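Single-structure report; data block below.
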Amino acid sequence: MSKAKKLFVKTYGCQMNVYDSERMVETMSEQGYEVTDAADNADMILLNTCHIREKAAEKVYSELGRFKQLKDEKPNLKVAVAGCVAQAEGQEIMRRQPLVDMVVGPQSYHRLAELEQQAAQHGRALDIDFPVEDKFTHLTKRVKLKRGPSAFLTVQEGCDKFCAFCVVPYTRGAEVSRSVQQIMDEASSLIDQGVCEITLLGQNVNGYHGVDEKGKAASLAELIWRLNDLKGLERIRFTTSHPNDMTPDLIDAHGSCQKLMPYLHLPVQSGSNRILKRMNRSHTAEQYIEVIEKLRAARPDLLLSGDFIVGFPEESDADFQATLDLITEVNYGQAYSFKYSTRPGTPAAERDQVEEHIKTERLHVLQALLSEQQKRLQASMVSKTVQVLFEKSGRFDGQLVGKSQYLHAVHVEADTSLIGSVCDVRITQSNSHSLNGELLK
Ligand code: SAH
Ligand code: SF4
Ligand code: F3S
């Protein structure tokens, strides 16, 4: 039996939270913790939370409630809340849920081990500061954990765009880019640990402008070109981008950078210029389409993904129709769509709200259209040859699952020795959310 203390982690929200959870696991592994899949075994429970919509935030409280009995049985169990709900409602969490020992925000989680000690001494600990010194200087090395061939790497954090519906500028703070050197070092250490695909992360990743060795600001495209030179790295992706920061050098990179994959998540939220303005998106539907046309001219097979909000305050039937029209024009291979959710403290929360049943109907119509596009694009892959990076074993014996360059999940009969390799696969069948294929020799 291993004597290591057990850490149970549950992560909500976006990929940046997934990355942060990994970093917290790494920090705590240096304190003798190892990850467990079962909360009942844990010495510490860590919830890394998301505040983006009301339901996401409420989930945290119901989840915490479920640990009450466990905590009664094991008084030494430590419960920590991290992430964006911690940032937004730290004090409130402490007040509403006495079983919580630690609350830590997205910019101060490098202090998690210290907070654990503080909580042991004083009962509870909270740190939701935006410290002047950045956490990455404390988190330099990636600790070797069991990881697959694909990894996330946060290059930029926070957001200065202040879309009228969004909490991110408040929970994650102002836009900050990490230095090129820091990112290159982290990428190299991931590659040394067997990673061959890196997804660069940022709430506004294409607004990246980290300093290079000469003290000059580097764009995301420049960073991608630098990563492209790293031996052992085979694939580069990035998410999430804002249409206004889709600069010409980044558009060109999609056509010319060999390791940059032909998939782009480019949220637009609405197709109505009136609503886009009210959302403070600072671009029109036409400008968005123009960016997409340029991207497709550079890389014709680019698969596009988007985010949509239905029922934003004051959205009329005509506004909603404009969103459907935009979707029809773009033809998305993947999409995420949400009913507008009121977020206290954001400008849109104070406005005339759309009735719930109308939001529900619109979401239904919009998702039907998106799902039809997604299915059609997926079906068009059948009989094509794609490149698949095998990530893990599949559900059935002898089967592996991987991702094509277009980020489609592909199931293939293949030997586990191929995990971590990129192979040519001929697509044989399209299922509802994945493809089947056969390995080409
Ligand atoms: N930085 C990214 C994504 C931020 S949050 C971007 O700029 O696109 C992810 C998605 O959640 C958003 O794209 C938006 O579609 C959705 N979202 C954000 N706030 C929301 C709210 N109040 N209600 C419903 N959906 C929301
Ligand atoms: Fe939120 Fe808008 Fe910033 Fe994206 S760009 S994180 S939607 S404020
Ligand atoms: Fe959620 Fe925070 Fe990400 S609010 S979407 S976890 S930045």
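Ligands are counted one by one from 1 in listed order, and the atoms in each one are counted from 1 as well. Not measured: the values here are computed from a predicted model.
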- Query: So is there a nitrogen or oxygen of N204 less than 3.5 Å from a nitrogen or oxygen in ligand 1?
  - Reply: no
Atom 3 (Fe) of ligand 3: closest protein heavy atom, distance to 0.1 Å, is C14 SG, 2.3 Å
Ligand 2 atoms nearer than 4.0 angstrom to some heavy atom of H242 are 5 (S)
Closest non-hydrogen atoms of G271 and T323, given as atom of the first, atom of the second and distance, are N-OG1, 3.0 Å
Counting from 1 in the order shown, the ligand 1 atoms closer than 4.0 Å to a non-hydrogen atom of T240 are 2 (C), 6 (C), 8 (O)
Against ligand 1, does H242 come closer than 4.0 Å with any heavy atom? no
the protein heavy atom lying closest to atom 24 (C) of ligand 1 turns out to be K339 O, 3.3 Å
Exam field: side chain D101 to backbone A80, donor-acceptor pair closer than 3.5 Å: no
For atom 14 (C) of ligand 1, is the nearest protein heavy atom under 4.0 Å away? yes
Notebook entry, point to check: For atom 1 (Fe) of ligand 2, does an N/O/S atom of C166 lie at less than 2.8 Å?
Noted result: yes
A student checking ligand 2 against F165 at a 4.0 Å heavy-atom cut-off should list atoms 7 (S)
Classify the ring geometry between Y19 and F136 as parallel (under 30°), tilted (30 to 60°) or perpendicular (over 60°).
tilted
Any donor-acceptor pair under 3.5 Å from N228 side chain to K259 backbone: yes
When distances are taken from atom 8 (S) of ligand 2, the protein heavy atom at minimum range is C163 N, 3.3 Å
For this session: Check step by step if side-chain contact (heavy atoms from CB on, under 4.5 Å) holds for V310 and F320.
Result: CA-CA 7 Å; V310 301; F320 177 59; 3.9 Å; yes
heavy-atom search around atom 20 (C) of ligand 1 in the protein gives F165 CD1, 3.8 Å
Any heavy atom of F338 under 4.0 Å from ligand 1? The part involved is side chain
Per-atom filter on ligand 3: closer than 4.0 angstrom to a heavy atom of C50 are 1 (Fe), 4 (S), 5 (S), 6 (S)
Any non-hydrogen atom of I309 lying under 4.0 Å from ligand 1? yes
Self-check item: E26 (side chain) donor-acceptor with V143 (main chain) under 3.5 angstrom
Solution: yes
Exercise for review: Using a 4.5 Å cut-off on heavy atoms from C-beta on, say whether the side chain of D134 contacts that of V176.
Suggested key: no
Nearest non-hydrogen protein atom to atom 4 (Fe) of ligand 2, with distance, is Q203 O, 4.4 Å
closest protein heavy atom to atom 1 (N) of ligand 1 is Q203 O, 2.6 Å
Tell me whether the centres of the aromatic rings in F338 and F165 are closer together than 6.0 Å.
no
Would the distance check show the side chain of T49 and the main-chain N or O of V85 forming a donor-acceptor pair, the cut-off being under 3.5 Å? yes
Taking only non-hydrogen atoms of P169 and a 4.0 Å limit, the atoms of ligand 2 in range are 8 (S)
Quiz item: cation-pi between R278 and F312, 6.0 Å / 45° = no
So do the side chains of E92 and Y61 get within less than 4.5 Å of each other, counting heavy atoms only? yes
The protein heavy atom nearest to atom 3 (Fe) of ligand 2 is C159 SG, 2.2 Å
Q203 heavy atoms within 4.0 Å reach ligand 3 at atoms 7 (S)
ask   = Is H51 in contact with ligand 3, taking contact as a heavy-atom separation below 4.0 Å?
value = yes
| task | Check for a donor-acceptor pair, side chain of S256 on one end and backbone N or O of D252 on the other, with a separation under 3.5 Å. | result | yes
- State, with a plain yes or no, whether a side-chain heavy atom of L295 is found less than 4.5 Å away from one of L266. yes
- Message: Check contact between K161 and ligand 1, using heavy atoms of the residue and a distance below 4.0 angstrom.
- Response: no
Is the closest side-chain heavy-atom distance between R142 and E22 below 4.5 Å? yes
All heavy atoms of V422 vs all of R235, minimum pair found to be CG1-NH2, 4.2 Å
- If we only count heavy atoms from C-beta on, is the H265 to D307 side-chain gap below 4.5 Å? yes
ask   = Hey, are the side chains of Y263 and Q334 touching, using non-hydrogen atoms and a 4.5 Å cut-off?
value = yes
Logged contact type for F162 with ligand 2, heavy-atom cut-off 4.0 Å, is backbone
Any nitrogen or oxygen of Q269, main chain or side chain, under 3.5 Å from a nitrogen or oxygen of ligand 1? yes
Nearest non-hydrogen protein atom to atom 22 (N) of ligand 1, with distance, is S341 O, 2.8 Å
When distances are taken from atom 10 (C) of ligand 1, the protein heavy atom at minimum range is D307 OD2, 3.4 Å
For C84, the ligand 3 atoms with a heavy-atom partner under 4.0 Å come out as 2 (Fe), 4 (S), 6 (S), 7 (S)
Heavy-atom proximity to atom 11 (O) of ligand 1 ranks first, among R53, H51, K55, for R53
*asked:* Are any of the N/O atoms on P267, whether in the backbone or the side chain, positioned under 3.5 angstrom from an N/O atom of ligand 1?
replied: no
Min over V167, N17, T240 of heavy-atom distance to atom 6 (S) of ligand 3 lands on N17
Note: R172, heavy atoms under 4.0 Å from ligand 3, region reported as side chain
The protein heavy atom nearest to atom 5 (S) of ligand 1 is I52 CD1, 3.4 Å
Answer with yes or no after comparing the ring centroid distance for H254 and F238 against a 6.0 Å cut-off, counting only values under it. yes
